[in-house]
Every structure is written in C-alpha cells, then in structure tokens.
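What follows is a set of notes on a single structure, which appears directly below.
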Amino acid sequence: MFTDTAHVDPPALASAPDHRDLRSDDFWRAIPAYAHVSADEFRTHTFQNRHTVTNSRQLRETLADLVPASFYDDLEAGVKNAPMALRISPYLLALIDWRAPETDPIRTQFLPLRTQQQPDHPMLRYDSLNEREDSPVPGLTHRYRDKALFLPQDSCPVYCRFCTRSYAVGSDTDAVEKMKLTANLARWEQAFAYIASQPDLEDIVISGGDSYNLSAGHLQLIGERLLQMPNIRRLRYATKGLCVQPQKILSDHAWTDALTRVVELGRRLHKDVVVHTHFNHPNEITAITRDAMDLLTERGIHVRSQGVLQRTVNDDATTMTQLVRRLSYVNIHAYYIYVHDMVPGVEDLRTSLATAQHLEKHVRGATAGFNTPAFVLDTPGGGGKRDVHSAERYDRASGISVFESPSVKPGKQFLYFDPIAALDPAHQWRWTQPTERRAMIDAALAG
Ligand SMILES: *Cc1c(COP(=O)(O)O)cnc(C)c1O
Ligand code: SF4
C-alpha cells in the first residue's frame, strides 16, 4: 500500500534515537560469511572490494539462510525488472537489519524486490535530462554559466536503484549510449581544453561515476590540471564512497594522500577543493564513518552531502532530522536533499512534492543553518535545480507542479509529476486516459 509517511505526525523527539549514538559493535558478524572476520580486516578497503556482492548467487553465499528462499526469488525477479545492476559493499550489506529486510531503508535503496516495484509514471519519457544539449564534449555537462559537471569515468563502488544516470545512459539515444565513459586521457584532454577555453567557468564538479573509482594518480592528475587553470576557483570531488566504504579513507593511503595533496595545492593557490558525498539515512553513519571523517578533518578536507528523498527510506521528519544532525555530528555539511528524479523502474521510491515541502519545514531549525540542506528538485527538461517551495503552481490533485528557471532557461516552464499512487482514485483514473492527461497538463501550463 502507498502511504505518504511524511504526513504521519512524528513521534515525540524524546523517543527518537540519539544522533550521537553511532554503531561501534562488530555488526558484520551477524552475516554468515563474515562471522569470523576481525575488526581489523573489516576495516580495510581491500576486504570490502574483494567481497563486494554483484549478483544474487554471491548474495545467497553471503547471507545463506539468514533470509528465506522467497526473499531471493523476489530479489531476482526485481533485478530482472530494474534499470541498475546489483552492486553492494559488505559494509552496507551488514548494516541491513536482516530480521526485517522488506522495510529496511538500506535494503530498499540497493536491492530491488519485485513485489514492491510499481508501474512507471506515463510522463516519465518527458524526463530527458537534456544532457546532450548541454554537453560540449563527451563527459562534460555545462548547463550553468560558471559551473560544470566533469565525468571522468562512469563506475561506482555501489549501484543505487534510484540513480539518475541509469536513465541517461540506458534509455536515451545513440549519442548518449556513447557516454559509457571509461577513464581515457585523450577524452579528458578534450574536456580540459574546453574548460580552459571558457573564462566564465569557475567551478568544476568531478562526478561520474565516482571519484572513489579513480586511481590515486588519476585523481591527482585531474585535480592538478584543473587547479592550474587561472579561471578555475573551485573543485568538488563527488563520491558516494564515504557512505559505501568509509574504510578506503582509512586504509587506502595512496588515495587519501592524493586527495590531500590536491586540497593542499588548492589552499596554496587560494582555491577551494572539497568532497561531495551522498548519505540518505542515519543508519549509514557509523563509528567507522566517524573515524574516516576524523582523518579528513585533521587534514582540513571539507565534506558536504547531497541526499535523495525516497519513500519509506527518509520521507518522515524524524528520520530526516536525525540524518541531518548525525551528518553535522561527524562534520559533514548537509548541502542538498533532492526530490527523486523521474527515472524508470523506481516509482515505488518517489514521493510527492508536498512531502518534500513538508519535510523542509520540519528540518529547518533542527540544527545550524549551515548544516541544513536545501530541498531541491532537478527539473525534468534541463531547467536545473529549483527550491521545492518555489513552484509557480502546484495542483496537488493532479500532482503536477510547474517551475521556472530564469537564470538557466529564461522564459521556459518545467513540469514535475507526483507519483500516481499518491493521488486520489479519481485522479489516478484520469492519468490512465490520454485525453484526460493532456487536459491536466494543458491546465497546469495555462495556470
Ligand atoms: C547540480 C549540477 C551542478 C552543481 O550545482 P550546485 O547547485 O552548485 O551544486 C553543476 N552542473 C550540473 C549540470 C548540475 O546538474
Ligand atoms: S553512487 Fe551516485 S552515480 Fe553511482 S549509482 Fe549511486 S547515485 Fe548513481
């Protein structure tokens, strides 16, 4: 059943778990395959890499009879129907509560269950993120005047069910098919030449893919090349890694030292180099995360988090408040919470715009303003990120919201669509009828 959990009153704050209470037990020992793994071994990136699970056979070998056979069947059927392949670290796998995997927020994000999947919204095709239009060279998206997204490669240490790139890569045209991006120095040279040629560009997001999957040498090369350009003032290395495998910060000394050298070079040149990471639930933050963050803090490396709002994962005020406080506690700035993009195969994870607006109202004030995330929606059609409270119009009955983006695409309107299961039965029916659909959209556009 589909319920908007954000609209259930949060329990009294006194009963909420303490955000300072970070997990520090040998939690992985509950997993049959890790029962005899020592803390020292579990805290290495080499163990985490070697035992990363990428298919259901490995999952069966790892969990054995911790879950019933029906769970594996549900998962295998879910994977067949999902746009993203399976990939999860031992660390995240061990943080799942296997007594109740159906509702666990970490399981929900990485392991699809067929019984929970829902049909895609009929307007999903609308969501061409227009990456090609804004890509002057392959693997570089230049949409905003002074900042651009550089994609050096496209692999990650985990595959999130809700990834925007599954849509961009999997379902778009031939040109985007070519955006299967491997680490390739010749292509990087094209991107560097373009960035150097744009005097207005000051800010580069080194995204992907994931900076964790760059070698130490490549990470440093990219950072140094960009910092040497007089126009570049700011760099951000984007990585989900701190959430998936904080161990790497502590045990992959070559990688952490390379990052440190780029940050130090930036400091000498009076330029800003930071890490952008991605946490969605307080359970993802443990004593290992804190140890990794302590090391980065000692080295003067700042970290911000951009999370994704997901139904049943973090769409209630108590969880979101706890996430923001816990991130602050380990020195991570909560920067953005994104409304879920309209990507195929994950309709069960989307929330309504109203849920995002409601959560923002509850979270603001829970901790320092600079640790309070902006709740934003990346508008389908390439209008860029918009504050969730800034819709020009929002018809909660049809679920259609209309945004404008004067600094990015002046004069254009951008539409977002709430998940149909969140609407009343009459409007759910209207979405099944092509003429009714057109009428609802025309009405939204006309205002
Ligand atoms: C999100 C994004 C950026 C960075 O935007 P900020 O709001 O500064 O974090 C840059 N380019 C593109 C294409 C983006 O989607
Ligand atoms: S880490 Fe980021 S880029 Fe990689 S699969 Fe997850 S959401 Fe997508």
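Since the structure is predicted, the reported quantities are computational estimates derived from the model, not experimental observations. As the structure lists them, so they are numbered: ligands from 1, and atoms in each ligand from 1.
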**Request:** Indicate yes or no: does an N/O atom of Tyr144 lie under 3.5 Å from an N/O atom of ligand 1?
**Result:** no
**Prompt:** Against heavy atoms of Val158, which atoms of ligand 2 measure under 4.0 Å?
**Reply:** 5 (S)
**Prompt:** Going by the order shown, which atoms of ligand 1 are within less than 4.0 Å of some heavy atom of Tyr335?
**Reply:** 6 (P), 7 (O), 8 (O), 9 (O)
**Message:** If we check side-chain contact (heavy atoms from CB on, under 4.5 Å) with Thr277, which of these qualifies: Val303, Val244, Leu327, Asp210?
**Reply:** Val303
**Asked** What distance do Leu226 atom CG and Arg234 atom CZ have between them, rounded to the nearest 0.5 Å?
**Response** 13.5 Å
**Request:** Might you work through the side chain to side chain contact (heavy atoms under 4.5 Å, CB included) test for Tyr394 and Gln357, ending with a clear yes or no?
**Result:** CA-CA 12 Å; Tyr394 179 25; Gln357 293 174 336; 4.0 Å; yes
**Message:** For the 3.5 Å polar cut-off, considering only N or O atoms, please tell me whether Lys147 and ligand 1 meet it.
**Reply:** yes
**Item:** Heavy atoms from other residues, nucleotides or ligands near NE2 of His302 exceed 12 (cutoff 6.0 Å)
**Value:** no
**Message:** Closer than 4.0 Å to some heavy atom of Lys240 - which atoms of ligand 2 meet that?
**Reply:** 1 (S)
**Ligand-residue contact atoms, ligand 1 with Thr141, heavy atoms, under 4.0 Å** = 13 (C)
**Prompt:** Can Asp73 and Arg60 be counted as an ion pair, charged N to O under 4.0 angstrom?
**Reply:** yes
**Request:** Using a cut-off of 6.0 Å, state whether more than 12 heavy atoms not belonging to Arg99 lie near its atom CZ.
**Result:** no
**Fill in**
Contact region, Cys156 to ligand 2, non-hydrogen atoms below 4.0 Å, reads side chain
**Prompt:** Is the number of heavy atoms from other residues, nucleotides or ligands within 6.0 Å of CZ (Arg267) greater than 12?
**Reply:** yes
**Request:** Could you list which atoms of ligand 1 come closer than 4.0 Å to a heavy atom of Arg236?
**Result:** 4 (C), 6 (P), 8 (O), 9 (O)
**Message:** Given 3.5 Å as the limit, does a donor-acceptor pair link the side chain of Arg290 with the main chain of Ile285, or not?
**Reply:** no
**Asked** Identify the closest protein heavy atom to atom 7 (O) of ligand 1: which residue and atom is it, and at what distance?
**Response** Tyr336 OH, 2.5 Å
**Where ligand 1 meets Lys385 - atom numbers and elements under 4.0 angstrom, heavy-atom basis** = 1 (C), 2 (C), 3 (C), 4 (C), 5 (O), 7 (O), 14 (C), 15 (O)
**Prompt:** So is His142 close enough to ligand 1, meaning a heavy atom under 4.0 angstrom away?
**Reply:** no
**Request:** Look at Cys163 and state whether any of its N, O or S atoms is less than 2.8 Å from atom 6 (Fe) of ligand 2.
**Result:** no
